[in-house]
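Step one of this worksheet: look at the structure below.
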Amino acid sequence: MKKSLGAQTQLFPTPVLMVGTYDQNGKPNLMNAAWGGICCSQPPCVAVSLRKARYSYDAIVARKAFTVGIACESKMAEADYCGIASGRDVDKFAVTGLTPIRSDLVDAPYAAEFPVVLECRLLHTIEIGVHTQFIGEIIDVKGDAAAFGDDGQLDIMRIQPLIFDTSHKGYHGVGPCLGQAFSVGKQFQQ
């Protein structure tokens, strides 16, 4: 028998996403957001959910753009700091030593040190309780050369993305591939 926990935000895993924006003065900012993920295939879209009180909220609304960097194991402390500090009070790029890069496709920055970035144009804004979900159309995905496998595709083991444990508030990495999607379940086909 399963134990009831009531209504909670328990989903495993959740990605650690680094949302890049420019404030009203053009200062680059990064925030750590675990409430997000791919939400549409055509057009390709990603969703991130933020509270209105977050500094990045107004920046996304004003600029109608944001980036989503994939946090990686080697930059765990920097990613965590971007979820602790507010861009209202500090320059997170200066404090962490991350390098801001201006997207040439959308009006938002990203950190050079994160291996993959999604450049997004704001497509929809949905009010959901205490969070607002920003749906961004993915205009481009950029990856470091080291993030690609021999097959020319992004390789999760080379990226080493951080994942967030919503239950224990901890960071984890990914393990080896356990099986090929759309293949391991074929044993049940008739």
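Values below: every heavy atom of this structure, side chains too, minus hydrogens, waters and symmetry copies.
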If I take atom CE from residue Met76 and atom CD from residue Gln160, how far apart are they, to the nearest 0.5 angstrom?
11.5 Å
Show the nearest heavy-atom pair for residues Ser103 and Glu119, with the distance to one decimal.
OG-OE2, 2.5 Å
Would you please test Cys39 and Val46 for side chain to side chain contact (heavy atoms under 4.5 Å, CB included) and show each step?
CA-CA 5 Å; Cys39 63; Val46 64; 5.7 Å; no
If only side-chain N and O atoms count, and only distance matters, is there a donor-acceptor pair under 3.5 Å linking Thr132 with Glu127?
yes
If you group Ile, Leu, Val, Met, Phe, Trp and Tyr by side-chain heavy-atom gaps below 4.5 Å, do Phe114 and Phe93 land in one group?
yes
Non-hydrogen atoms of Gly36 and Pro15 that approach each other most closely:
O-CG, 3.3 Å
Is a donor on one side and an acceptor on the other found under 3.5 Å between the side chain of Lys142 and the backbone of Val117?
no
So, do Pro115 and Cys72 sit near enough that their side-chain heavy atoms are less than 4.5 Å apart?
yes
Heavy-atom closest contact (Gln180 atom, Cys177 atom, distance):
OE1-SG, 3.8 Å
Pairwise side-chain contact, Glu78 with Val95, heavy-atom cut-off 4.5 Å (strictly under)
no
Could you give the distance from CZ (Arg121) to CD (Glu137), rounded to the nearest 0.5 Å?
4.5 Å
Quick one: are Met18 and Ile70 in side-chain contact, heavy atoms under 4.5 Å?
no
Give a yes or no on whether a salt bridge exists between Asp150 and Arg158, defined as a side-chain N under 4.0 angstrom from a carboxylate O.
yes
Which value, rounded to the nearest 0.5 Å, describes the distance between Trp35 atom CH2 and Leu17 atom CG?
11.0 Å
Would you say Val48 ends up clustered with Val116 if hydrophobic residues are merged whenever their side chains have heavy atoms under 4.5 Å apart, either directly or through other cluster members?
yes
Here the pair of heavy atoms bringing Ile163 nearest to Gly173 is CD1-O, 3.6 Å
Around Ile138, counting heavy atoms of other residues, nucleotides and ligands shown, do more than 12 lie under 6.0 Å from its CD1?
yes
Co-membership, hydrophobic cluster, residues Leu98 and Tyr22, 4.5 Å side-chain:
no
Identify whether Phe66 and Val61 are in the same connected component of the hydrophobic contact network (ILVMFWY, side-chain heavy atoms under 4.5 Å).
yes
4.5 Å side-chain heavy-atom contact, Leu154 and Val141:
yes
Taking the side chain as every heavy atom from C-beta outward, state whether Phe164 and Asn32 have any atom pair closer than 4.5 Å.
no
Between Thr125 and Gln133, a side-chain donor and acceptor under 3.5 Å
no
In Å, rounded to the nearest 0.5 Å, how long is the span from CZ of Phe134 to OG of Ser49?
9.0 Å
Answer whether the closest heavy-atom distance between the side chains of Ile38 and Cys45 falls below 4.5 Å.
no
Donor-acceptor contact present, side-chain Asp155 to main-chain Met157, <3.5 Å
yes
Sidechain N-carboxylate O distance under 4.0 Å for Arg102, Asp104:
no
Take Glu73 and Leu162 through the side chain to side chain contact (heavy atoms under 4.5 Å, CB included) test and state the conclusion after the steps.
CA-CA 6 Å; Glu73 292 178 20; Leu162 282 179; 4.2 Å; yes
On a heavy-atom basis, which atom in Ala65 and which in Thr21 lie closest, and how many Å separate them?
O-CG2, 4.5 Å
Would Thr67 and Cys120 satisfy side chain to side chain contact (heavy atoms under 4.5 Å, CB included), going step by step from the backbone distance to the final call?
CA-CA 6 Å; Thr67 62; Cys120 305; over 6 Å; no
Hey, quick one: are Met31 and Tyr57 part of the same hydrophobic cluster, counting side-chain heavy atoms closer than 4.5 Å, chains of contacts allowed?
yes
Assess, by modelled atom type and distance only, whether the side chains of Asp80 and Tyr171 contain a donor and an acceptor separated by less than 3.5 Å.
yes
Determine whether Val19 and Leu30 make a side-chain contact, defined as any pair of heavy atoms from C-beta on separated by less than 4.5 Å.
no
May I ask you to decide if Ser167's main-chain N or O and Asp165's side chain share a donor-acceptor pair within less than 3.5 Å?
yes
Do any N or O atoms from the side chain of Asp107 and from the backbone of Arg63 form a donor-acceptor pair under 3.5 angstrom?
no
Minimum heavy-atom separation for Val90 and Tyr81, please, with both atom names.
CG2-OH, 3.4 Å
Short question: side chain of Lys92, backbone of Asn29 - any donor-acceptor pair under 3.5 Å?
no
Passes side chain to side chain donor-acceptor pair (under 3.5 Å), Tyr55 versus Asp23? Steps please.
CA-CA 8 Å; Tyr55 191 59; Asp23 70 10; 2.7 Å; yes
Apply the test side chain to side chain contact (heavy atoms under 4.5 Å, CB included) to residues Thr166 and Phe12: give CA-CA distance (whole Å), side-chain angles for both, the deciding distance (0.1 Å), then the verdict.
CA-CA 7 Å; Thr166 57; Phe12 302 94; 3.8 Å; yes
